[in-house]
Amino acid sequence: PGISKTHSPEVCLFFCFPEKKKTELCQELGLQARDLRFQHSTCLFARNNCIILRMATLKAILTPQSLMVLDFRGQGLERWLIMELAPQLASLTHTLPFEFRALEAILQHKVNTLHSRLNDVEPVILDILESLVDPKLLSADRSKLHILLQNSKSLSELETEIKVFKDSLLKILDEDEIIEELCLTKWTDPRVFEESSLGIDHAEEMELLLENFFMQAEELGNKARELKGLIDDSESVIFINLDSHRNIMMRLNLQLTMGSFSLTLFGLIGVAFGMNLTTAFEDDPRAFWLVTGFMFLGSGLIWRRLLSFLGRHLEPSVPPLIPPVWKRNLKPSDMKPGVR
Amino acid sequence: PGISKTHSPEVCLFFCFPEKKKTELCQELGLQARDLRFQHSTCLFARNNCIILRMATLKAILTPQSLMVLDFRGQGLERWLIMELAPQLASLTHTLPFEFRALEAILQHKVNTLHSRLNDVEPVILDILESLVDPKLLSADRSKLHILLQNSKSLSELETEIKVFKDSLLKILDEDEIIEELCLTKWTDPRVFEESSLGIDHAEEMELLLENFFMQAEELGNKARELKGLIDDSESVIFINLDSHRNIMMRLNLQLTMGSFSLTLFGLIGVAFGMNLTTAFEDDPRAFWLVTGFMFLGSGLIWRRLLSFLGRHLEPSVPPLIPPVWKRNLKPSDMKPGVR
Amino acid sequence: PGISKTHSPEVCLFFCFPEKKKTELCQELGLQARDLRFQHSTCLFARNNCIILRMATLKAILTPQSLMVLDFRGQGLERWLIMELAPQLASLTHTLPFEFRALEAILQHKVNTLHSRLNDVEPVILDILESLVDPKLLSADRSKLHILLQNSKSLSELETEIKVFKDSLLKILDEDEIIEELCLTKWTDPRVFEESSLGIDHAEEMELLLENFFMQAEELGNKARELKGLIDDSESVIFINLDSHRNIMMRLNLQLTMGSFSLTLFGLIGVAFGMNLTTAFEDDPRAFWLVTGFMFLGSGLIWRRLLSFLGRHLEPSVPPLIPPVWKRNLKPSDMKPGVR
Amino acid sequence: PGISKTHSPEVCLFFCFPEKKKTELCQELGLQARDLRFQHSTCLFARNNCIILRMATLKAILTPQSLMVLDFRGQGLERWLIMELAPQLASLTHTLPFEFRALEAILQHKVNTLHSRLNDVEPVILDILESLVDPKLLSADRSKLHILLQNSKSLSELETEIKVFKDSLLKILDEDEIIEELCLTKWTDPRVFEESSLGIDHAEEMELLLENFFMQAEELGNKARELKGLIDDSESVIFINLDSHRNIMMRLNLQLTMGSFSLTLFGLIGVAFGMNLTTAFEDDPRAFWLVTGFMFLGSGLIWRRLLSFLGRHLEPSVPPLIPPVWKRNLKPSDMKPGVR
Amino acid sequence: PGISKTHSPEVCLFFCFPEKKKTELCQELGLQARDLRFQHSTCLFARNNCIILRMATLKAILTPQSLMVLDFRGQGLERWLIMELAPQLASLTHTLPFEFRALEAILQHKVNTLHSRLNDVEPVILDILESLVDPKLLSADRSKLHILLQNSKSLSELETEIKVFKDSLLKILDEDEIIEELCLTKWTDPRVFEESSLGIDHAEEMELLLENFFMQAEELGNKARELKGLIDDSESVIFINLDSHRNIMMRLNLQLTMGSFSLTLFGLIGVAFGMNLTTAFEDDPRAFWLVTGFMFLGSGLIWRRLLSFLGRHLEPSVPPLIPPVWKRNLKPSDMKPGVR
């Protein structure tokens, strides 16, 4: 019954006061002024049996019996505070002391925020990439590139934030002392202290809790990194696509230029016969058909020769048999299920 | 005879029940609810003399005498469970306790899954790259690029999964305590405990087992990284290929433009003589041949000059003797077999 | 009263003398010549109960009662020394000894310098990138590229400097001994020494102070890295933009070349009829309209066929139904708020 | 005399038997079946006073008196075994026990193999790069690109193998226990054990030996990495080369297009006068020369204007004085030889 | 007086002998043959109260009283040995024993060599990059690219060498034992040994000395890395420059092609009227001017329409108001000078 009383709901106080002066707060809790400066966007540490933490806009002080949220107005936190945090803290299903419940609720909120931001960015990026790598497109839609760049920037910022969150948890996980300090009830409630030598160890529970969120953040980080990689890979494919289109157009252009050249060359004969000069063929009725036929046939033949020359020219002077670049080198026998 | 009894086949129980409630399971095995939450895709830890593990879709609890697979339906695991896992667990050739056999079977299954996924992706990627870097191609086949991108994405996901698997093994290998905890039989069977001071040390065996799978995962990771590098290298080669093709076509185009220009220039003479204006050459019978010859010869000569100009123009103004960029700097004498 | 006397303002001496010889200084403070060589751009260490530090142009020696700034002339430090540092050191609000106040003022100055340099570079880079990725631009403004390159270089230098600053702090934070040495007052004032066993621990305060600046530098480093990433991403977008523009122009060019080809081809008929040769149609009044109509209609029809051929040619031979490259694979159910 | 007997040549046994069963071998040497499984391509560990190692195709068991090479047939090792390994093991110049001689010979063989593979790949890559970056080339020789890609792939595989070799040595160097275990003679020959407290320490010798090969592998790794970097740098240069060629050709093309345009424009006048329409100039003998001269002069002038317009157009609108991107910022006075 | 005698100049012997046999040397100094093998390009270790070191071409053995330089002929070291090293070793200003003076001179020589190599490479690279990123250039000067590639290769080699030098110092700095061994005099001169417990600690001095050179090497490494980054950034700018030029030329080309097309189209009318066919306009004196005017005016109008179509076509279909890609997100208020 001892423990159940320690984290009974009546001690689960919950008040938020942006009005109270920080100095008063310091005196009340025995903290120092610098402890409540919240200079870094993410911090989590214990001082004088209080946990002081900041997760972006959420600044809070956690004592063994209460959670105080500071400066929460205008941060879009109200809904979460009232709709989710309050019931979670009041719930009795949790078998661990109050600071565990509060810390878990806050860290979960942080991870959920990160997760929802990744969820906002990911489908937009996937949609845009999907449409940009479409092999039918001759040119990239440049307004989509704009949106891609915006989302790619958001993704970088998200990656940094995940990294900062992971680092701040890792710093705690690396030092057992800090974990011990975070177990507030262990030091205030002697009964818990005694029990800890028998059954549940609070420090170990705290480590599991923090590790759990560390791994969730790691998974988010992995997803963000994969998405970054996908953007890079897609850009390469876009470039190859655009280059390929260009090469095809250039070959068509070249083929037409060959045709125009042939026509111009043989058209010169027509121009020559069009000159107001004496040619001795003027009255030959077959001359017209001969010269005209020669012009059209000649340019056609020259064009055909040029086209076949182009075909040969573009094929590189490779030896007839190039070995393939790589042979299959991952044989199923390389690694077989070892029966020990 | 003591040990042989400890891991005799009759204790090798094996049942799978997705029906049983988790709460019952917890009570039965003395676990806590959060131990069976399986929040992360890969986890492996010991609690209250049970090993709880999850490898993607496979969730299992391992006690010294039994292996329980949870929620295995609809995951495509049935075949493996019945055809491979059951006989492996029942086999008597293994000299180590049951938890070793079970853990090895599961980890081997995980590594085999990763390996077969790499084996699915690799030949497709190699085939596509082989056809994309073909020097004869003027443009990259864009539907192949599409498939390459899909497989490249699968490869990234596989890399992440291998990394997560390696990290979870490494976390165990780094802490001797956790390895000790994984040796379930050591703590339950006093005879094994006594023996361990003499001959086989269970903790060392467990370390070897985990290290073995860690190294298998490392090899898979190396292969995946090489494949990624190969994609990058091939893309560079594809770009150079496409650029080279383009340059060749552009030179041909330029040469033809030069020809057309020459023809147009001298064709102007023909056009001039075609005007209905008095030229005083109208009746000279040689004039036609002279002017026509001048037109064709002149354009031919100008073209030839332009072509040779192009040839000179494209050669850069390099000093006649550029030293080669690099001299051979790896001499066989640099590193000779040292006879100690 | 004891402590307040220790860091009472009267002992807070502050003199700067570039004239004094280094050798005199060494004798006075019991330092060695090499301690005052300041070879590296960033250093911070304790010798013989003095803290010797250099932050770029600022070289200083810190004793428990005084701060001496060396060689400060012509470095643009005068303003800061007189306007900011002096009042900060003289302020009485600080409850910690003099060396804490001085160290904090100097490190804060360093971080502020780094921060203001990042603030100088960032808006320029963002402005230039914003105008370079403008999808309407056909070609990048090359004078802007020049400025981008200059700022990108400054950013690299800033990144190096942040890294060097972080490394020098990290070296101290990693060794508790060095932190102890930095707490000058602890070793000189016995009353402080005694107290430290009771209340405030100086070494811990020093660690917090250094850690605070380390994290500020880390945040700056994160921002600089994000900015670098943004430049890279924007360059990719610029390349895709330029390539897309080129492809569009090339298609237009190709379409016109097709038109010119058609006109030249059918113009040849006109040229043929312009020859001074007998055609038997000379006197047919309908012949002119027939041939002219044939020329224009024929070239129009050929052009249309060529254009539709181009349209078909640019569409790759893809199977009608390509699966999308990626399916959405981040489901909201993957990671739900875990209620413990 | 004691030591010299310990590693006298008569104990230097050397037999290779792929025929012997592994199970027999295990019984003979007191090993377990799994110790001889050789699952990983590179391994080196000690079990029951034997060193078991595998270096790619070479699998060997090393006891204090003998070296057994397993499965050596068809691996191309015969020559090395007979011509090099046997004499090296039999030589008496070595002052250290047999296992040192054998281990050194095998590791040296491994490093030599890696080195010769790098030596095979490097000159080919350098030759190809040298010819590809040749500034005279308009297009990259695509069969050379093919060979480059093959060698680049071999280089990646070599890098992985060097990394695996280094990692396996590092794992041993990091744990003094394993090094001790590798000193077989120390544990079998009591005289050596005693001596070790006086003069030569076997464990230290073993560490030096392994460290030596680790550093040789590191040098190879550095060379491979430099080569990779060189390929990347060369590819950038190739791209700039190809792009530059293209720009030059495009300018020439544009200049010719300008010429053709001028000729077409003024040729239209000729065409106009060639029409069978009344112009009132028909009989003016000067008209022909005037119009012809106007056509040629006019097109020449227009061409010239277009060319100068092109020249101006390509120069960007830069302010007249751009500061250079970077000033020299490495002054010799920054770092002067410090006289301590 | 005791110490001053220990490092008095008369014991400062200095001889270099490439003639002496290594075996003699080994016997004389009590070293083993393998200690003098100098297999790696950079090494520094203590054996039997001698420091054996190699820095590229400089191989030396350092005893408490002498420095022996081995194989120094033909390495370009003579000048440094005679002009700089000898006086530095003989100087009496140094208060520390001989091995400190010698080690400092040699390490300083190494760092100076690295520094001068960086100083050779840097201005060349900066000059070339400066001229290559010149926005006025249409094409990169390809002989400069060649030189850039050579210097970029030298830079990579220099980076590797700095890394190797840093690693070899770091290996010593990480183990206090090795630092102790390097303090030769401490172990030979009992008076120094006694003193060390009082005043100056040799091991600490040695650590400071090595750390100093480590940081100098780090600064060089940072500079080399920045230079590498600058090459990469410049290459991107060069590519954007070349691409922009190409786009501008392509637009000009396209505009001219449009003009030529218009002229060809309307020239066809002229060609039609040039045919020897009856048109009924032959004798109309206004017909010539009407048709000619229609030709010129028509082609002019069509050209204008085509140009305005091009202008519209190149503008992407962006919504009128795209939000800028990034808003300023580094506010000065984010990080303000914290007054503690």
Side-chain angles (χ1 to χ4, degrees), chain C residues 39-40 88 94 104 108 112 115 118-119 122-123 126 130 133 135-136 138-140 142-143 145-146 148-149 152-153 156-157 160 164 216 219 223 235 238-239 242 245-246 248-250 252-253 256-257 259-260 263-264 267 270-271 273-274 276 279 281-285 287-288 291-292 295-296, chain E residues 95 133 135-136 208 212 215-216 218-219 222-223 225-226 229-230 233-234 236-237 239-241 243-248 250-251 253-254 257-258 260-261 264-265 267-269 271-272 274-280 306 310 313-316 318 322 324-326 328 330 332 335 337-340:
Chain C
Q39 277 186 306
H40 310 294
Q88 241 171 307
H94 217 295
E104 184 168 34
Q108 190 65 55
N112 287 349
H115 193 236
L118 183 57
N119 265 351
E122 198 193 25
L126 289 185
E130 182 74 68
V133 300
K136 284 185 200 150
L138 181 77
S139 68
R142 282 150 291 165
S143 61
L145 285 175
H146 220 246
L148 178 64
L149 194 55
S152 164
K153 185 164 180 284
S156 298
E157 284 165 5
T160 303
V164 168
Q216 288 192 27
E219 277 180 31
K223 272 194 197 303
E235 279 174 353
I238 292 170
F239 280 122
L242 292 178
H245 263 109
R246 206 172 315 145
I248 289 175
M249 289 195 285
M250 187 159 262
L252 272 175
N253 199 19
L256 286 173
T257 304
S260 295
L263 290 174
T264 308
V271 170
F273 277 98
N276 296 326
T279 57
F281 301 112
E282 281 91 350
D283 300 319
D284 190 336
F288 174 76
V291 174
T292 305
M295 266 163 61
F296 280 93
Chain E
T95 60
V133 301
K136 284 185 201 149
L208 285 175
N212 178 21
M215 283 178 72
Q216 288 193 26
E218 183 119 314
E219 278 180 30
N222 282 343
K223 274 195 196 303
R225 213 191 44 236
E226 274 181 30
L230 190 60
D233 289 352
S234 301
S236 293
V237 165
F239 280 121
I240 298 182
N241 253 349
D243 271 28
S244 289
H245 263 110
R246 207 172 315 147
N247 274 14
I248 289 176
M250 188 159 261
R251 191 180 48 189
N253 200 18
L254 185 54
T257 304
M258 284 171 166
S260 296
F261 174 78
T264 308
L265 180 63
L268 213 58
I269 296 172
V271 169
M275 294 190 292
N276 295 325
L277 298 174
T278 319
T279 57
L306 284 171
L310 173 65
H313 204 69
L314 289 178
E315 278 188 27
V318 280
I322 316 176
V325 176
W326 33 78
R328 299 296 169 276
L330 196 80
M335 199 177 290
V339 186
R340 247 178 112 103

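The basis for the numbers below is simple: all heavy atoms, side chains too, and nothing from hydrogens, waters or symmetry mates. Note that the structure is predicted; figures quoted are calculated from it, not measured. Every chain is numbered from 1 and lettered A, B, ... according to where its sequence line falls, protein lines coming before strand lines.
For chain C, the option among T264(E), T257(E), D243(E), V237(E) with the highest count of heavy-atom pairs below 4.5 Å is D243(E). The choice from G274(C), G259(C), S156(C) that makes the most heavy-atom pairs within less than 4.5 Å of chain E is G274(C). Among the candidates R246(C), E282(C), M295(C), the residue making the largest number of heavy-atom pairs closer than 4.5 Å to chain E is R246(C).
Rounding to the nearest 0.5 Å gives a distance of 6.0 Å between OG1 of T279(C) and CG of L277(E). To the nearest 0.5 Å, atom CE of residue M250(C) and atom CG of residue N253(E) are 9.0 Å apart. One finds the NE2 atom of H40(C) at 4.5 Å from the CE atom of M215(E) (value rounded to the nearest 0.5 Å). To the nearest 0.5 Å, the span separating CG on N247(E) from CG on L138(C) amounts to 5.0 Å. Rounded to the nearest 0.5 angstrom, I269(E) CD1 and T292(C) OG1 are separated by 9.5 Å.
Contacts between R225(E) and chain C at a heavy-atom distance below 4.5 Å involve the side chain alone, from C-beta outward. Interface remark: N276(C) contributes backbone and side-chain atoms alike to the contact with chain E (heavy atom separation under 4.5 Å).
Contact between E226(E) and E157(C) at its shortest, heavy atoms only, is OE1-CG, 3.2 Å. Closest heavy-atom contact between L268(E) and G267(C): CD1-CA, 3.3 Å. Across all non-hydrogen atoms, the minimal contact from S244(E) to A140(C) is OG-N, 2.8 Å. Contact detail for T278(E) and F288(C): the closest heavy-atom pair is O-CB, 3.3 Å.
Here the side chains of L256(C) and L254(E) are in contact, with some heavy-atom distance below 4.5 Å.
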**OP:** List the steps, then state whether side-chain contact (heavy atoms from CB on, under 4.5 Å) holds for E235(C) with I240(E).
**Re:** CA-CA 8 Å; E235(C) 279 174 353; I240(E) 298 182; 4.1 Å; yes

**OP:** Could you go through the side-chain contact (heavy atoms from CB on, under 4.5 Å) check for L145(C) and V133(E) one step at a time?
**Re:** CA-CA 9 Å; L145(C) 285 175; V133(E) 301; over 6 Å; no

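No side-chain N or O of T160(C) forms a donor-acceptor pair with one of N222(E) less than 3.5 Å apart.
Partners of S260(E) by side chain to side chain contact (heavy atoms under 4.5 Å, CB included), not counting sequence neighbours, listed by chain and number: F261(D).
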